[in-house]
Amino acid sequence: MDLDPTNSTQTGDLHLQIDEPPKRIETNNSSTSIFAPQSSLETRDSSTNANSISRAVTSSPVKAPEKKLTLFALRLAILEKIATGLGTLGFIWATVVLLGGFAIVLDSTDFWFVSVILLIEGTRIFSRSHELEWQHQATWSITDAGISSFRVLRSSSHFLVQGVKAIFRPVWKKQTSPGSREVSSSSDGKKPRVLARKNRIPTRTWEAPNVPLLPRGFFEARHISRILYWLQLASATACVALSLMKLIRHNYGEVEKGDTDKRNRKSALNIFYTLALAEASLFLLEKAYWEWNVIYCKILEEVNKECELGPSSMVTIKRFFYDAYSKCVNGSIFDGLKMDMVSFGMDLLDSKSSDEQLIGIRILRQFSVSEKYSDDTLQKIGINLGVIERFVEMLNWKDVQDEEIRRSAAEILLKLAGKKQNSLRVAGIPGAMESISSLLQTNRKLRHGFDEIASRSNIDESSYRSCMFNNLGLTLLKKLARDHDNCGKIGNTRGLLPKIVDFTQINENFSESQILTVKRSLQLLRMLSSTTGPTGKNLRQEISEIVFTISNIRDILRYGEKYPMHQKLGIEILTSLALEEEATERIGCTGGIVKELFTIFFKQDCSEEQNRVKISAGEALATLALESKGNCHRMLRLKVIGRLVGALEDRILRVNAARILRNLCIYGVEDSYHQLKEVTAAAPIVLKAIMSEEIKLQEVMLGLAATIFKFMTSQESRSMFESSEIKQLELATALVQILRRHKHPPVKVPRIRRYSIELAIWMMRDDDNNIRVFKSLGMEEDLERVLETTAEVESFNIFSGTVGVSRHSISMHSLIETALELLMDG
């Protein structure tokens, strides 16, 4: 997901871009079917793990661009500390040796030169010790003055006039919009850009950059650093001039012969002036090196560009550099080398200053979404639980002033949740789900109040913000839902499931802005409803009990023809909910659901994507008809038997058409025997499919054959075999081969052995000659081997992950015993 605040502020629009995961093209429609056991690890984490593994293999270490700044700060600190050391030595030499030992015998000019140099150096040392503090304060503000202060401060002398103008700017210009952030012009002179939140409410305390030290605001705190900077340059230049003057002239006064008090005066003065000259020269060298790198080499702009922070984030780079330089100067010269942008951003999050929090969150957001730096950044954030807790806390900041902070925190959490370990940490924070839920705003009036998500002319700003945060929240929940435990937490969060369901509401005129939100909510509901185990059962029950769930999905099926992906998601949700008996009845009792599913299932001339929707609709109908007499009755009322029989010859529909017909024949026979007898017309098609080598088709057709043949008399069955040109001996041979081929229950077709035995039992009961045929083929020994290898996977109609649902009424053991008894009696 990408929300670019820089671009948005330049144009006045907010552009929402949410990255789509790569679509997985299903070559086998049964790969995620509920009719075969499926590992939850495979369904939820395979793609995520594959992506993370491939990324780990292909990614290579990226050099941190901020190292240039920390190295620059180290070199400056070395010069600064050498200069300070020489200055301290010179100060001690002057006070102890010159003024202490030679004060009386010094020439008057030397006395005043030494005193002036000491005064100048004392002034410079004092201003130097406080300049960094004032510079640090100046970078707190990200308004126009805050950004320009550094450039004015570090510019060469020909910008002095601009500096003076900035210092003495009338206070009324700074207060044209009291209590609000200003809009500054971009560095390239183009469109203005909003650097921070508007209409800021005044705080109860002063912020350091805006403190008016004197009346009328002539000397605000941000201007003090400029004064100190120029004061240092002036004092150092004066010191060089005075020291050179004395070292060149050597006019220290005459020393009379035999005057021992003045014997070492010249050497002592030479040492002092040399120390003063060296100290001042090193300081000026440091400033020249500073100016060269900052003004001409543009090291700050270069690092900002490499960090991909954008032009509006120059204040961030300056702040980082000042902090690194301060650490090198005030502590060990190597302290600044330990700093990096990510740690710097994390430290700023705990600041009490809203501006510093904004700087920190901008750094972490940009580094988290950057292709080059995201892996390292997310790793550092992921192991810092306190920072993650801070992000979660920021999700609750609903003040419009904190919108960018809140949005950036959601984006960072979104990137974090992309990795399973991090998603567990996020979800494990107390109140995390409630905080994420706060991003979701289900005001229906707002949701229907705009037409285009990208058109600011048609919507108001609050509606757009609501949609933006809704999509962030839904996408974040979707990533967290990849973990089974997180699904349970989502379900246990009060009021969260109804919010998610509410976003699935559409109508005939639903807009593009709603499409993205509806899709996100459907994807999330599908993940939650397909959860396995007791957690999944509870989730399906809670989702189905929400009165809007099924009716909203019905509307999607009815009006979502232009958006087949939405229809497919809605159908898959219904299929998962139908695993629960109560939910199955609720779905069937909701008017129009079954009819809409059949309309989609029988739709002609479809694209590949629409064919996938048809496959999903078939699975949903087969699941709804399973063990539900009510739903079977509703389907039979639609007079679909003939069309289902015809669908058995359609390569796309035949598998699910066979499942639907089997369930209708088993559970709908009581009231519609004569209507179901129409299924016998499909017998030749079924027999030909059984003789094919396609294993999935064989399984469903064997199940259907064992059911529809029960509607035939012996005479009708013989006629059917004759018309299909398939002999009973060929069918018996095929059944025996299936049992021999599958010595163990296959996972992909777990019912194929059961259906083969069911069909063999019908054949033996229908014609005694078939008993002798099966005996001659050695089926008794095959049944004994099957009896030794039966498994639980063969005992269920459908599965929720690896958990069996809807157990067969007759066990595999009973079926085999029945078949063996028939063989023995024959």
Side-chain angles (χ1 to χ4, degrees), residues 35 626-627 658-659 661-670 673 676 679-680 683 686-687 690-691 698-718 720-721 726-746 749-798 804 806-826:
F35 296 98
L626 182 64
E627 296 184 344
R659 288 170 176 161
L661 285 172
R662 172 181 166 84
N663 290 336
L664 289 176
C665 291
I666 294 176
Y667 305 106
V669 68
E670 291 183 0
Y673 179 85
L676 288 172
V679 180
T680 57
V686 173
L687 288 177
I690 292 174
M691 304 305 292
Q698 269 189 340
E699 182 197 38
V700 296
M701 291 303 181
L702 282 168
L704 179 58
T707 304
I708 65 175
F709 288 171
K710 295 177 181 179
F711 290 88
M712 296 181 180
T713 63
S714 297
Q715 183 63 36
E716 289 173 337
S717 64
R718 283 193 293 269
M720 179 268 298
F721 277 105
I726 297 176
K727 297 180 180 180
Q728 295 192 36
L729 175 60
E730 294 176 354
L731 181 58
T733 303
L735 295 179
V736 172
Q737 288 176 349
I738 290 173
L739 294 179
R740 290 175 180 173
R741 189 183 306 124
H742 301 289
K743 296 180 179 180
H744 299 278
V749 283
R751 292 164 295 274
I752 192 168
R753 299 199 305 180
R754 165 185 286 275
Y755 293 159
S756 298
I757 296 172
E758 286 181 355
L759 184 55
I761 291 173
W762 174 84
M763 291 179 66
M764 288 187 286
R765 286 175 174 172
D766 182 68
D767 191 342
D768 292 339
N769 291 328
N770 289 330
I771 298 176
R772 291 189 291 273
V773 171
F774 281 118
K775 277 188 174 182
S776 64
L777 293 174
M779 188 176 187
E780 190 172 357
E781 292 78 7
D782 295 324
L783 290 174
E784 292 289 348
R785 282 194 296 269
V786 172
L787 188 61
E788 295 296 327
T789 57
T790 57
E792 273 289 279
V793 71
E794 298 176 287
S795 302
F796 296 95
N797 287 295
I798 53 178
S806 178
R807 183 181 290 272
H808 287 283
S809 57
I810 302 176
S811 67
M812 275 290 290
H813 187 274
S814 299
L815 278 178
I816 296 171
E817 290 293 340
T818 301
L820 288 173
E821 289 176 3
L822 289 172
L823 288 172
M824 291 176 63
D825 293 342

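Both backbone and side-chain heavy atoms feed into the values below; hydrogens, waters and symmetry mates do not. Here the structure is a predicted model, which is why all the values come from computation and not from measurement.
By the 4.5 Å heavy-atom criterion applied to side chains, Ile708 and Leu661 are not counted as neighbours. The shortest side-chain heavy-atom distance between Glu817 and Leu787 falls under the 4.5 Å cut-off. Put simply, the side chain of Phe721 reaches to within 4.5 Å of the side chain of Leu731, judged on heavy atoms. The shortest distance between side-chain heavy atoms of Leu664 and Val679 does not fall below 4.5 Å. Between Ile690 and Val686, some side-chain heavy-atom pair lies under the 4.5 Å cut-off. Counting heavy atoms from C-beta outward, His813 and Thr790 have side chains that stay 4.5 Å or more apart.
Note: Tyr755 OH to Ile738 CD1 = 13.0 Å, rounded to the nearest 0.5 Å. Atom CG of residue Leu729 and atom CG of residue Leu777 lie 6.5 Å apart, to the nearest 0.5 angstrom. In this structure, the separation between CD1 on Ile761 and CG on Leu735 is 11.0 Å, given to the nearest 0.5 Å. A distance of 9.0 Å separates CD1 in Ile816 from CZ in Arg754, rounded to the nearest 0.5 Å. Separating the CG atom in Leu687 from the CG atom in Leu702 is a distance of 10.0 Å, to the nearest 0.5 Å. To the nearest 0.5 Å, atom CE of residue Met812 and atom CD of residue Glu758 are 9.0 Å apart.
Contact between Ser717 and Met712 at its shortest, heavy atoms only, is CA-SD, 4.1 Å. Counting all heavy atoms, side chain and backbone alike, Ala683 lies closest to Met720 at CB-CG, 3.4 Å. Between Met691 and Ala734, the closest heavy-atom pair is SD-CB, 3.9 Å. Scanning all heavy atoms of the two residues, the minimum distance from Met764 to Leu823 falls at SD-CD2, 3.5 Å. Contact between Ser806 and Glu627 at its shortest, heavy atoms only, is OG-OE2, 2.8 Å. The minimum heavy-atom distance between Pro745 and Thr789, with the atom names listed, is CD-O, 3.3 Å.
Considering only residues two or more places apart in sequence or on other chains, Arg718 meets the side chain to side chain donor-acceptor pair (under 3.5 Å) condition with Gln715. Under the ring-ring contact (aromatic ring centres under 6.0 Å, His included) criterion, Phe709 pairs with Trp762, not counting sequence neighbours. In terms of the side chain to side chain donor-acceptor pair (under 3.5 Å) criterion, Ser809 has no residue partners (sequence neighbours excluded). For Ser814, the side chain to side chain donor-acceptor pair (under 3.5 Å) partners two or more places apart in sequence, or in a different chain, are Ser811.
Between the side chain of Arg751 and the backbone N or O of Gly703 there is no donor-acceptor pair closer than 3.5 Å.
Residue Ile810 places its CD1 atom among 12 or fewer non-hydrogen atoms of other residues, nucleotides or ligands, all under 6.0 Å distant.
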side-chain contact (heavy atoms from CB on, under 4.5 Å) between Phe35 and Glu699, intermediate numbers included
CA-CA 11 Å; Phe35 296 98; Glu699 182 197 38; over 6 Å; no
Start with the C-alpha gap between Gln728 and Val773, add the side-chain angles, then the distance that decides, and say whether side-chain contact (heavy atoms from CB on, under 4.5 Å) holds.
CA-CA 9 Å; Gln728 295 192 36; Val773 171; over 6 Å; no
Take Arg807 and Glu792, measure what salt bridge (charged side-chain N to carboxylate O under 4.0 Å, His left out) needs, and give me the verdict at the end.
CA-CA 9 Å; Arg807 183 181 290 272; Glu792 273 289 279; 2.9 Å; yes
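The pair Lys743-Glu788 fails the salt-bridge criterion, with no side-chain N (NZ, NE, NH1 or NH2) lying under 4.0 Å from an Asp/Glu carboxylate O.
Judged as a salt bridge (charged side-chain N to carboxylate O under 4.0 Å, His left out), the pairs with a partner in residues 778-787 (not counting sequence neighbours) are, in order, Arg740-Asp782, Asp782-Arg785. For residues 702-711, no pair satisfies salt bridge (charged side-chain N to carboxylate O under 4.0 Å, His left out), with sequence neighbours left out.
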